[in-house]
Amino acid sequence: MAERRYDPHQIEPRWQALWARERTWEVANEAGPDGRGDQRSAAASDAEQALSSYVLEMLPYPSGEPHIGHLKVYSVGDAIAHYHRRTGHRVLHPMGYDAFGLPAENHAIKTGVHPRDSTAASIESFQREFRRWGISIDWSRELATHDPRYYRWTQWIFLELFRAGLAYRKEAAVKWCPKDQTVLANEQVDAEGRCERCGAIVEVRQLEQWFLRITDYAERLLNDLDGIEWPEHVKTMQRNWIGRSEGAEVTFRCEDLDPAHPIDYPVFTTRPDTLFGATFFVMAPEHPDVLRLVEGTEHEHEVRDYVNHALNESNEERGNAEKEKTGAPLGRTVTNPVNGEQIPMYVADYVLMEYGTGAVMAVPGHDERDHAFARAYGLPIRRVIAGASEPPRPTFTDKDSQVQADWGLTDESLPYAGEGPLVNSHPDFDGMPSREALGAIVQWLDREGKGHASVNYRLRDWLISRQRYWGCPIPIVYCEKCGMVPVPDDELPVRLPDIEDYTPKGRSPLAAAEEWVNTTCPSCAGTARRETDTMDTFVDSSWYFLRYCDASNEQAAWDPAVLKEWMPVDQYIGGVEHAILHLMYARFFTKALADLGHLDFHEPFKALFTQGMVTKDGAKMSKSRGNVVSPAAIIERYGADTARCYILFIGPPDQDADWSDEGMEGVHRFLSRLWRLAVEVSGTGEEVPHAAPPRVGTCADPPSAHAPTGDPPHAVGHGPAHVQARTAEGGDDDLELLRKAHWAIDKVSGDLRRFAFNTAIAAVMELLNECSRLRDRTGVDTQRFALATAASLLFPFAPHVAADIYDRLTGERVWEQSWPQVDPELLERDEYELVCQVNGKLRDRVQAAAGADTEELKELCRAAPNVQAHLDGKQIVKEIVVPGKLVNLVVR
RNA sequence: GCGGCGGUGGCGGAACGGUAGACGCGGAGGCCUCAAAAGCCUCUGUCCGCAAGGGCGUGUGGGUUCGACUCCCACCCGCCGCACCA
């Protein structure tokens, strides 16, 4: 007989062909008799309706070929999908492509290849690779976000949001490159404020942009985190991003312009207890009133210059907290509502227009930034909270001390951001602990109509306009008569026109497509122009998980009844880099669509798993570093099973892992040994297993007869088989191997539930090692059972070789078998090794009977030879017994 | 600065408060072979010791406990988010 060598290139395509031919992983929506899932899966018995499970990995952005990160997510997801299937679930496990986006467009600009073509090529290579990896995907539901059949519904959702007032247009400051004549994303502006492409100094322009009102959902996005099984760190990131702060809105009045018509400037503060320490007032450079306040005054020139300078700073520059504080006086004052003081107004870039009201009260005694500004501009610093270490000082009464306190000269301990009793404030509040004073002052403000308790969020509305070609068109037209008009639903999709020149010039590249832009108003039939911006690609991916459920529905985005069957996603898997944006947007869409009556659930992803990065030589893989590991090359050489298994074996999947070629060879050796031993035990040699007959044609049904190869196969996972094996073979070694198999079932099952694939695979390795060790001392049935169990447990990680082995050993299709059940009796042992400790140190090990009671165990321990040596006349003062484990003698 | 995650052999990593180092890699020795590759077997934290055995060992320093990689307190280092958010 020819040398039996494990050859994944023989094995893998054969099983892939079978799964493709029989559409094994497709699952129908109705859990009825036509449901393929039911028909195929033995786990779903006719008697009881199978539970449904939706296992989803984040959809890939198709660019080039899949990289090692893709191999990792889909290996994890596929393991979970298989495990769910074999534990009685009908599993939805689809695939799609996040096909719109900037990289494809930039690539197109560089190479001249149309984004549609480069995307199509890339999708093809992803499809090919995913099939080669043997991922169990329901290909019947495949989608791509750039497909009009998909984005038609993206546009419909946009219009739903628009009609509900959740999509709106607003002027916003955007980065504008005067040379390229285009809006730039913040990421496209370098640290010096230059355009990434042409190097021109970027300007800030106020342009009308589309926003989605995600801030309406801030509170719910925050609170509902409590009800979902997500990693704590992801929830924390989302909480931080939402950034809820409690405080008060307080009104500062300016009467300088026209005393008859005072202007009220509300500010948000988390520390209303420090209001008495407010010694100046600062506005953001973008604040619409800044220029108005200085118009025609001696300050106008300076302020104008300052504002221009500030607006042109890069985000990075402006956001640097270490930077010296800069600003300019407005020459105006506002009234501090709590004490009537007139305090000077400034403009400074450390105040952000996007947060709060775009203006702040400055309390230099108790805020670091205000303090720095006060120092730089010689403004008074007043302590109004006594430090914890410092006893409350009496309120200053005489003039001299007041001046001293105001200038903060005596106080090196300022700024002090902590809590403490109030000082220098008002007789009603002085001495009151700050926490208490906070409430009292807010109440007082409320009574006086000068403020109220308020909650502020860091989260801002989502700007979705992109002045780009390769994205989903926004289905709005502008009519001279009717204004902004949504494209009627029955005219969707608004197709992305086929243009020749998609390089950005003027505005969006789409603006150049005159024929497309010029249209008629759906409302009055007059001339109108289309919106030329496209949507942020995150819009596309905020609802794709819904579409999979009902992917071929041409009448609606989905049928709510179908969603009921699958949603929410039971297990979502993806990179932690999406912890904030994608996951927040998808949650927002779900809630908004639920409010509009389209969904009856409020969270899209019940459980989330975030996988770590794969590095090489400790560094992120990149072309420039030359340390890229290509999945295609690995699979070419070792096969998909080895690659998939290794990437799961390398370490805990939620952590970063460093790729090692030697480590992978180890896994390959393991699969080889397993396969070779299985071939030997089954006696099938090189023959092709019969569950995957070559060239059977397109039979819809699997071959019905599974001719057993010799001995009747053990039904893995059913009690009687073990007993049979046990009595048939009878030997101690048989029993030991049987026990090891059940130990492995127990271990792998538990590990799978907690995503510990590395230790699960290690357990199968142990089982194989035991099979090899006891090879000559155990009967063939026991070997067959142990190896079939190993294959069965390995199937979620290395499906091809596992299917092959299982078939050789049992003639059955492993994926149709329910997950092996552990026999609790076989987990127990008659005897075990009792650990004997003296003062907590291991001194001996002795054999103890499983049923031995506490007294017997103590006795065994005391009698252990090496324990004796360590007792040595000392007195035993305490004996700790952990039955089944150890005895610890405490001696003195 | 705030938040999160992590620190265990030569390496990747295992360990419900109960035998630290499973499993794999690497290394050493052996078998097989004319030879090599592949495969198989044994050993492999460290120090002392011929051995039996013992000492030391999970970033550092304390604490709780019969017993701590694990729990508590205070630090150090590394990585990742967010960051002038009032």
Side-chain angles (χ1 to χ4, degrees), chain A residues 3 5 231-237 239-241 243-245 247 250 267-271 274 278 282 284 318-323 325 348-352 354-363 366-370 372-373 417 456-460 576-577 579-580 612-613 615 618 646 649-652 654-667 669-670 672-673 676 747 750 756 758-766 768-769 772-773 833-845 865-866 869-870 877-882 884-891:
Chain A
E3 194 196 39
R5 197 174 63 87
E232 209 41 57
H233 68 277
V234 175
K235 289 191 188 184
T236 306
M237 279 194 229
R239 288 191 187 105
N240 291 345
W241 189 258
R244 183 183 196 272
S245 346
V250 185
V267 300
F268 175 75
T269 176
T270 51
R271 292 296 301 270
T274 65
V282 193
R318 180 160 169 194
N320 181 6
E322 311 293 286
K323 192 184 80 165
K325 294 284 175 283
D349 66 357
Y350 79 91
V351 175
L352 309 174
E354 314 88 77
Y355 186 77
T357 61
V360 301
M361 66 175 204
V363 183
H366 303 283
D367 180 280
E368 227 174 278
R369 300 151 300 173
D370 298 342
F373 192 82
N456 222 300
Y457 299 94
R458 204 191 80 110
L459 183 71
R460 295 167 211 158
V576 75
E577 66 273 18
I580 297 172
M613 213 179 29
T615 57
Y646 173 61
F649 179 70
I650 192 168
D654 56 328
Q655 280 171 35
D656 290 352
D658 202 59
W659 182 276
S660 127
D661 291 338
E662 293 79 17
M664 187 187 46
E665 302 237 15
V667 169
R669 276 198 285 273
F670 156 63
S672 301
R673 290 204 300 138
R676 283 199 314 266
K747 174 80 177 143
N758 53 333
T759 51
I761 293 166
V764 181
M765 288 174 171
E766 282 195 55
L768 171 63
N769 290 347
S772 305
R773 188 174 71 88
E833 202 168 61
L834 180 73
V835 168
C836 303
Q837 299 183 329
V838 177
N839 285 344
K841 279 188 198 276
L842 171 74
R843 293 305 178 192
D844 215 335
R845 292 168 236 232
N866 201 41
H870 282 268
V877 295
K878 200 168 179 180
E879 293 168 316
I880 312 284
V881 181
V882 184
K885 275 263 159 63
L886 57 79
V887 174
N888 184 16
L889 305 178
V890 185
V891 303

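Comparing the P positions of B:C84 and B:A14 gives a spacing of 37 Å, expressed to the nearest Å. Going from the P atom of B:C31 to that of B:A68 covers 46 Å, rounded to whole Å. For the C1' atoms, the distance from B:A83 to B:C25 is 41 Å, rounded to whole Å. Going from the C1' atom of B:G78 to that of B:U60 covers 15 Å, rounded to whole Å. Only the P atoms considered, B:A22 is 15 Å distant from B:G13, to the nearest whole Å. Distance noted for atom P between B:G7 and B:C16: 14 Å (whole Å). Using P as the reference atom, B:G30 and B:A36 are 12 Å apart when rounded to the nearest Å. B:G49 sits 40 Å from B:U33 when the P atoms are compared, rounded to a whole Å.
In this model, the phosphate group of B:A83 is approached by a side-chain N or O of A:Arg458 to a distance below 4.0 Å at OP1 or OP2. Phosphate contact (OP1/OP2 of B:C41, side-chain N/O of A:Arg773, threshold under 4.0 Å): absent.
With values rounded to the nearest 0.5 angstrom, A:Ile580 atom CD1 is found 6.0 Å from A:Met237 atom CE. Rounding to the nearest 0.5 angstrom, the gap separating the CG atom in A:Asn888 from the CG atom in A:Leu842 is 10.5 Å. Note: A:Asn456 CG to A:Tyr355 OH = 4.5 Å, rounded to the nearest 0.5 Å. Here CG of A:Asp844 is found 11.5 Å from CD of A:Gln837. Values are rounded to the nearest 0.5 Å. Note: A:Arg676 CZ to A:Arg5 CZ = 10.5 Å, rounded to the nearest 0.5 Å.
We find that CG of A:Asn758 is positioned 10 Å from C1' of B:G12, with the value rounded to whole Å. Separating the OH atom of A:Tyr355 from the P atom of B:C82 is a distance of 18 Å, rounded to the nearest angstrom. Atom CG in A:Leu768 sits about 12 Å away from atom P in B:C23, given to the nearest Å. Following rounding to the nearest Å, A:Asn240 (CG) and B:A83 (C1') show an atom-to-atom distance of 10 Å. We find that CG of A:Asp656 is positioned 13 Å from C1' of B:G12, with the value rounded to whole Å. Rounded to an integer number of Å, the gap from A:Met664 CE to B:G24 P is 17 Å. In this structure, the CZ atom of A:Arg460 is 13 Å from the C1' atom of B:A86, given to the nearest Å. Atom CZ of A:Phe670 is separated from atom P of B:C40 by 13 Å (rounded to the nearest Å).
A:Asn456 comes within 4.0 angstrom of nothing in the nucleic acid, heavy atoms only. Counting non-hydrogen atoms under 4.0 angstrom, A:Leu886 reaches a base of the nucleic acid. Residue contacts for A:Ser245: at a heavy-atom cut-off of 4.0 Å it reaches the sugar-phosphate backbone alone, with no base atom in range.
A:Val890 places a side-chain heavy atom less than 4.5 Å from the side chain of A:Asn839. Looking at heavy atoms from C-beta onward, A:Ile650 lies out of side-chain contact with A:Met664 at the 4.5 angstrom threshold. Taking the side chain as every heavy atom from C-beta outward, A:His233 and A:Val576 approach each other to under 4.5 Å.
Side-chain contact, A:Arg673 with A:Asn769: a donor N or O sits under 3.5 Å from an acceptor N or O.
With a 6.0 Å radius and a threshold of 12 heavy atoms from other residues, nucleotides or ligands, A:Glu879 has its CD atom above the threshold.
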Detail all sub-3.5 Å separations between protein N/O atoms and N/O atoms belonging to nucleotides 25-28 of chain B.
from  : atom 1 : to       : atom 2 : distance (Å)
B:C25 : OP1    : A:Arg669 : NE     : 3.2
B:C25 : OP1    : A:Arg669 : NH2    : 2.9
B:G26 : OP2    : A:Arg669 : NH2    : 3.4

Grab the N/O contacts between the protein and nucleotides 55-58 of chain B below 3.5 Å, and write none if there aren't any.
from  : atom 1 : to       : atom 2 : distance (Å)
B:G55 : OP1    : A:Arg843 : NH2    : 3.3
B:G55 : OP2    : A:Arg843 : NH1    : 3.3

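The side chain of A:Arg676 has B:C40 as its nearest neighbour among B:C23, B:G67, B:C40. When distances run from any side-chain atom of A:Asn866 to the nucleotides B:G81, B:C40, B:G53, the shortest one goes to B:G53. Among the nucleotides B:C82, B:G4, B:G18, the one closest to any side-chain atom of A:His233 is B:G4. Closest approach to the A:Thr759 side chain among B:G67, B:A14, B:A86 is made by B:A14 (side chain taken as heavy atoms from C-beta onward). Checking B:C82, B:A86, B:G12 against the side-chain heavy atoms of A:Ile650 singles out B:G12 as nearest. Looking at the side chain of A:Val351, the nearest of the listed nucleotides B:G67, B:A86, B:A20 is B:A86.
Partners of A:Glu665 according to the side chain to side chain donor-acceptor pair (under 3.5 Å) rule, which considers only residues two or more places apart in sequence or in another chain, are A:Tyr638. Among residues two or more places apart in sequence or in another chain, the side chain to side chain donor-acceptor pair (under 3.5 Å) test is passed with A:Tyr350 by A:Asp370. Under the side chain to side chain contact (heavy atoms under 4.5 Å, CB included) criterion, A:His870 pairs with A:Val838, A:Arg843, A:Asn866, sequence neighbours left out.
Toward the 5′ end of RNA chain B lies the nearest nucleotide of A:Thr236, the other residue of the pair A:Thr236 and A:Val890 mapping further downstream. Taking for each of A:Glu833 and A:Tyr646 the nucleotide of RNA chain B with the nearest heavy atom, the 5'-most of the two is the partner of A:Tyr646.
Formation of a donor-acceptor pair under 3.5 Å by the A:Tyr646 side chain with backbone atoms of A:Ser660 is found in this model.
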Legend entry - Which nucleotides of RNA chain B pair, in dot-bracket form (Watson-Crick or G-U under 3.5 Å, | meaning another strand): (((((((..(((.....[....)))((((((.......))))))((((....))))..(((((..]....))))))))))))....

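For B:G9, the base is syn relative to its sugar; the glycosidic angle is within 90° of 0.
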